[in-house]
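Numbers for residues simply follow the sequence, beginning at 1. Computed from heavy atoms alone, side chains included, the values below leave out hydrogens, waters and symmetry copies.
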Amino acid sequence: MILIAGTLPIKTLPLITGRVEKDGADLIVEGHRFPCTQGTGALISAALATTDHLGTNPPHALVAGDIGRGEGSSAIYEYLTNNLPDMPPDVLVMHYIMPDMVKMRNVCDAAEHCQKKPIMVADAASMYIAKAAGLASKFDAFTPDLTEMGFLADPEATHPAYINHHLFDTDISRVPQLIETAYHQKSAPNLLLVKGKIDFIVREGRIMETIAEPNIPALEAIGGTGDTITGIMAALLDAELEPHEAAIIAAKANRMAGQFAKASPATKISQIVEQLPAVFAEYLCIWSGVCSVNYTG
């Protein structure tokens, strides 16, 4: 089971958890609807599109509304701390959530008490908290973009907004140096998927592969395309692909979905996700040997 935990900017949304279904442009969990647009919704929708194709179990979501006051984030932290050992998911994805180092440490401790520790992936704000709290080693994968990679490499920063100016302005050519620095400082887990004009797949500090094609510049202007990569990767991890292989396929699939959608800056993230079944049907067997819609590992 995949469990995707994160907040949504919906003031009235209570803490909800359960199996995800899709109805048009909406995702549904426990009868509550929310949009499959950028952020946690985009991540969940990409994971669902991938599990649908593979014939594996759909993701479960743990979401709550939070408009910056922290109530929804606190509820998610507390739910995970109290319930993870009794669930437990095979893959846990932590996404947008308000920073609280103590509560994130409690979640990591709860994961350690699972009979089988879940594969733990952090993106967005959860990644910032994990790095700032010195918890990177508790996770199996981070999925930073270029600026976030600069944050991971900055020993002083506790949030990407506060990284050193020279790191913020860094170009793609410095990514290998940033990767080396982040691992030296123990600010990165075993696997990194660095997202950008060129995607870098890194295992234990070594760049395993770089992916630059197809080159779809418009994807950089569409909110949520980094989130969809993480969602695809989570579903592939749940299907028991090797972590670096899941990361490589996720990066390739996301780019190819942009090409299939003929992406422009006006393209919606839902239009990218809608192309994933066609991308998988044409390319997944070539990329991985996973050739059956009803793949079971």
Side-chain angles (χ1 to χ4, degrees), residues 1-7 15-20 29 40 43-44 47 51 56-64 66 70 72-144 148 152 158 182-183 185-193 202-204 227 230-244 246-247 250 297:
M1 179 188 76
I2 311 164
L3 180 63
I4 299 169
T7 62
L15 178 77
I16 53 174
T17 185
R19 181 171 172 161
V20 180
V29 176
T40 302
L43 193 159
I44 294 170
T51 58
T56 53
N57 291 325
H60 281 60
L62 172 63
V63 294
D66 198 322
S73 297
S74 291
I76 290 173
Y77 282 126
E78 290 173 16
Y79 186 94
L80 289 172
T81 299
N82 294 331
N83 294 285
L84 261 182
D86 297 323
M87 300 175 73
D90 299 296
V91 179
L92 172 62
V93 182
M94 300 284 291
H95 203 226
Y96 283 112
I97 194 165
M98 294 283 286
D100 192 310
M101 295 188 209
V102 172
K103 290 179 179 178
M104 180 61 86
R105 190 169 290 110
N106 292 340
V107 171
C108 290
D109 288 345
E112 296 286 350
H113 284 88
C114 294
Q115 186 172 0
K116 180 183 177 183
K117 182 178 179 292
I119 298 170
M120 294 181 64
V121 180
D123 190 14
S126 291
M127 181 172 57
Y128 314 158
I129 305 160
K131 182 264 188 181
L135 297 169
S137 65
K138 301 292 186 181
F139 286 79
D140 298 282
F142 285 172
T143 55
E148 291 167 336
L152 295 178
T158 56
Y183 276 95
Q185 295 169 173
K186 304 187 185 304
S187 295
N190 284 340
L191 181 74
L192 285 177
L193 196 176
V202 184
R203 185 170 65 185
E204 297 179 350
D227 304 317
T230 306
I232 298 165
M233 186 176 79
L236 294 171
L237 288 170
D238 188 55
E240 300 183 358
L241 272 71
E242 290 295 323
H244 72 278

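Between M120 and C108 there is a side-chain heavy-atom pair separated by less than 4.5 Å. Contact of the V20 side chain with the P58 side chain is not registered, since no non-hydrogen atoms from C-beta on lie closer than 4.5 Å. When side chains are defined from C-beta on, T51 counts as touching P59, because their heavy atoms get closer than 4.5 Å. Under the 4.5 Å side-chain criterion, counting only non-hydrogen atoms from C-beta, V29 is not in contact with I44. Annotation: side chain of V107 is not in contact with side chain of I76 (no heavy-atom distance under 4.5 Å).
Considering only residues two or more places apart in sequence or on other chains, K117 meets the salt bridge (Lys or Arg N to Asp or Glu O under 4.0 Å) condition with D140. The side chain to side chain contact (heavy atoms under 4.5 Å, CB included) search around N57 returns none, not counting sequence neighbours. R19 is linked by a side-chain hydrogen bond (donor to acceptor under 3.5 Å, both in side chains) to nothing, counting only residues two or more places apart in sequence or in another chain. F139 meets the ring pair (Phe, Tyr, Trp, His ring centres under 6.0 Å) test with F142; sequence neighbours excluded. Every residue was checked against the salt bridge (Lys or Arg N to Asp or Glu O under 4.0 Å) condition with E204, not counting sequence neighbours, and none meets it.
For the side chain to side chain contact (heavy atoms under 4.5 Å, CB included) test with Y183, the passing option among N190, L152, V202 is V202; the others fail.
Considering CE of M104 and NZ of K138, their distance stands at 13.0 Å, rounded to 0.5 Å. With values rounded to the nearest 0.5 angstrom, I119 atom CD1 is found 8.0 Å from D238 atom CG. Rounded to the nearest 0.5 Å, atoms CD1 (I16) and NE2 (H60) are 12.0 Å apart. Atom CG of L3 sits about 10.0 Å away from atom CG of N83, to the nearest 0.5 Å.
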| task | With side-chain hydrogen bond (donor to acceptor under 3.5 Å, both in side chains) as the test, would you mind laying out the steps for S137 and K186 before giving the verdict? | result | CA-CA 7 Å; S137 65; K186 304 187 185 304; over 6 Å; no
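At least one donor-acceptor pair closer than 3.5 Å links the side chain of T81 to the backbone N or O of Y77.
The environment of NZ in K103 is crowded: more than 12 heavy-atom neighbours from other residues, nucleotides or ligands sit within 6.0 Å.
Across every non-hydrogen atom of I2 and A234, the tightest pair is CD1-O, 3.9 Å. Between S73 and T7 the shortest heavy-atom distance is OG-CG2, 3.5 Å. The shortest non-hydrogen separation linking A47 to A235 is O-CB, 3.7 Å. Nearest heavy atom pair, residue A141 against residue M233, reads CB-CE, 4.0 Å.
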For residues 84-98, tabulate all N or O donor-acceptor pairs below 3.5 Å that involve a side-chain atom, not counting sequence neighbours.
unit_1	atom_1	unit_2	atom_2	d
D90	OD2	M1	N	2.4
H95	ND1	T40	OG1	2.9
H95	NE2	D227	OD1	3.0

